[in-house]
Number of protein chains: 2
Amino acid sequence: MPSTPLPDDTPAAEAQAPAAPAFSPLYQQIKGLILQSLEAGEWKPGEAIPSEIDLAARFRVSQGTVRKAIDELAAENLLVRRQGKGTFVATHAEQHVQYRFLKLVPDTGDRETADPAERNILECRRVRAPAEVARTLRLRPGDAVVQVRRVLAFAGEPTILEDLWLPGTAFKGLTAEQMAGYQGATYAMFELEFGVRMVRAEEKLRAVAADPGQARLLAVPAGSPLLSVERLAFTYNDVPMELRRGLYRTDKRHYRNELS
Amino acid sequence: MPSTPLPDDTPAAEAQAPAAPAFSPLYQQIKGLILQSLEAGEWKPGEAIPSEIDLAARFRVSQGTVRKAIDELAAENLLVRRQGKGTFVATHAEQHVQYRFLKLVPDTGDRETADPAERNILECRRVRAPAEVARTLRLRPGDAVVQVRRVLAFAGEPTILEDLWLPGTAFKGLTAEQMAGYQGATYAMFELEFGVRMVRAEEKLRAVAADPGQARLLAVPAGSPLLSVERLAFTYNDVPMELRRGLYRTDKRHYRNELS
DNA sequence: GAGTGGTCTAGACCACGCG
DNA sequence: GCGTGGTCTAGACCACTCA
């Protein structure tokens, strides 16, 4: 029975490519099917997915196999297990997950507690994507993108100046008001207002010197060293959905990273 | 039987704290026992540990339980599974794992291929630990440490200037020649020459301006922005064993990070 | 107490590496 | 062909949550 095509709810649909002998474990196939349901929106962020037993029955495999599939999805932060309650679709839109990808922390007392940033939207408009941005987001050059420029201040001090570029089609109608609401939880807003869930991101870091305009916005002398952080965030299936170019002041904070 | 104290080879040794009812899964206890053997050096880096079946017999549990323990240790990069061959103690001392923790990559063509760095040891001496270094490495102020200062050059260009501090007792007798040998594989050298295996690390990143001395060593104008990377590396049991303060040129390379 | 995830077991079979 | 890790199953029991 194992490693044969999987019966779903509708065992009639046997879409098999006969010329692909590639072996793949059953639990990987299950993982793929769950992923499909996730992408298709069968279960929305925050909702519970069916219990392991239900899924096992649906896919006609043992509970242990479903378990292993869910384990991997949980390890990738796509699902969240809660003992006694169920397994839930991960979401940025609840609790205090704020600053999902932000690794800038105060030098003193690693506490990331509270310290709610003030956000100042400088710009939020629809533009034609510059060539490089288009390429990075896998759009055609000249496609519409939403560009946002903002400054985040911590403890009253401007600390981060960043530009965001978002694909125009997925983020049609994004307003400065929306960006300003949802304090701190930008990715939660993307989820709730546009149904776009970011799953992972890649960052490129550099040290750069502040040009006069940047220096003014961050209240530092021109030429000051700043940490440049270029982030590409992806939804399901490694589709890039956000490009961010940030400049961080690192005089009172630092970028913290764990290696293993 | 589960969740009762574990019989080891010598079931006589029942070192139980009766006042600690803390529940911990069997596989976690097994993981702890394997970890102890690892720390004690029962199996050296690169060697195979006993097969799952052997370990199951030794600890009097099922193979599945051992499996889960090993799974976690493999996920933490302490063990490496190789189907058909066995499970091995992870090591820096073999193959081409070079630059274990270095995340600086060329801007063009993400290939990290070859590009062997030239290393230039500027200094390698035994000193009394400065207060801050001592605190970070959990030594007493004034304890001996080995301090190394070096410049790494890629493609002929000086790119990284870094200082290393290593606890004097564990690294007694470290010479500049040893640092210069083992091209690129510093952590491999630590393993082979001193039996110290680094397991994980934490980094703090900042943008700073080059002072005149640093600028000269890195062949950039004074005041140029540099990426400051402070790394604390740990052996087993979260014991800090190396402090590194590096300055990276990021004009042709960048620090690459993955977030999830 | 019913339902959910979490642990543990025992046994079967598969894929891989190597002699 | 043997031994290793890798997958899959089926069933038992435990811990947690909530009505």
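Chain naming here is simple, since letters A, B, ... match the order of the sequence lines and numbering starts at 1 in each. Fair warning: this is a prediction, and the values are worked out from it, not measured in the lab.
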Original post:
To the nearest 0.5 Å, what is the distance between CE (B:Met179) and CG (B:Leu166)?
Top reply: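 The CG atom of B:Leu166 is 7.5 Å from CE of B:Met179, to the nearest 0.5 Å.
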Subject >> Sub-4.0 Å heavy-atom contacts from residues 65-73 of chain B onto DNA chain D, ordered by number >> reply: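 Going residue by residue through residues 65-73 of chain B, the ones with a heavy atom under 4.0 Å of DNA chain D turn out to be B:Arg67.
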Original post:
Is the distance from OP1 or OP2 of D:dG5 to the nearest side-chain N or O of B:Thr87 less than 4.0 Å?
Top reply: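 It does, given that an N or O in the side chain of B:Thr87 lies less than 4.0 Å from OP1 or OP2 of D:dG5.
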Original post:
At under 4.0 Å, does any side-chain N or O of A:Ser62 touch on OP1 or OP2 of D:dA10?
Top reply: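 For D:dA10, neither OP1 nor OP2 has a side-chain N or O of A:Ser62 closer than 4.0 Å.
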For [X] and [Y], indicate whether the former's side chain and the latter's backbone hold a donor-acceptor pair under 3.5 Å.
X        : Y        : answer
B:Arg253 : B:Thr108 : no
A:Glu47  : A:Lys44  : yes
B:His92  : B:Phe190 : no

Nearest-Å distance, [atom1] ([X]) to [atom2] ([N])?
X       : N      : atom1 : atom2 : result
B:Ile53 : C:dA10 : CD1   : P     : 13 Å
A:Glu52 : D:dG11 : CD    : C1'   : 15 Å
A:Arg82 : C:dG3  : CZ    : C1'   : 16 Å
B:Gln28 : D:dA15 : CD    : C1'   : 15 Å
B:Arg81 : C:dC16 : CZ    : P     : 16 Å
A:Asp54 : C:dT4  : CG    : C1'   : 10 Å
A:Leu26 : C:dC13 : CG    : C1'   : 13 Å
B:Gln29 : C:dC8  : CD    : C1'   : 12 Å

Original post:
Hey, are A:Glu52 and A:Thr87 close enough side-chain-wise for a donor-acceptor pair under 3.5 Å?
Top reply: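 There is no such pair between these side chains.
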Original post:
Distance only, no hydrogens: is a donor on one side chain within 3.5 Å (strictly under) of an acceptor on the other, for B:Tyr27 and B:Asp71?
Top reply: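 Distance-only check fails for B:Tyr27 and B:Asp71.
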**OP:** Could you please spell out the steps behind the side chain to side chain donor-acceptor pair (under 3.5 Å) verdict for A:Arg150 and A:Thr186?
**Re:** CA-CA 12 Å; A:Arg150 64 178 184 177; A:Thr186 304; 3.2 Å; yes
Original post:
Mapping A:Tyr27 and B:Gly86 to their closest nucleotides on DNA chain D, which lands nearer the 5' end?
Top reply: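 Checking each residue's closest nucleotide, the 5'-ward one belongs to B:Gly86.
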Original post:
Would you call A:Arg100-A:Glu191 a salt bridge at under 4.0 Å N-O?
Top reply: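 Looking at A:Arg100 and A:Glu191, the cut-off is not met.
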Subject >> Side chains of A:Val229 and A:Glu162 in contact at under 4.5 Å (non-hydrogen atoms) >> reply: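 They are not in contact (no side-chain heavy atoms under 4.5 Å apart), so the answer is no.
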Between the protein and nucleotides 17-19 of chain C, list every N/O to N/O distance that falls short of 3.5 Å.
unit_1	atom_1	unit_2	atom_2	d
C:dC18	OP1	B:Lys85	NZ	3.3

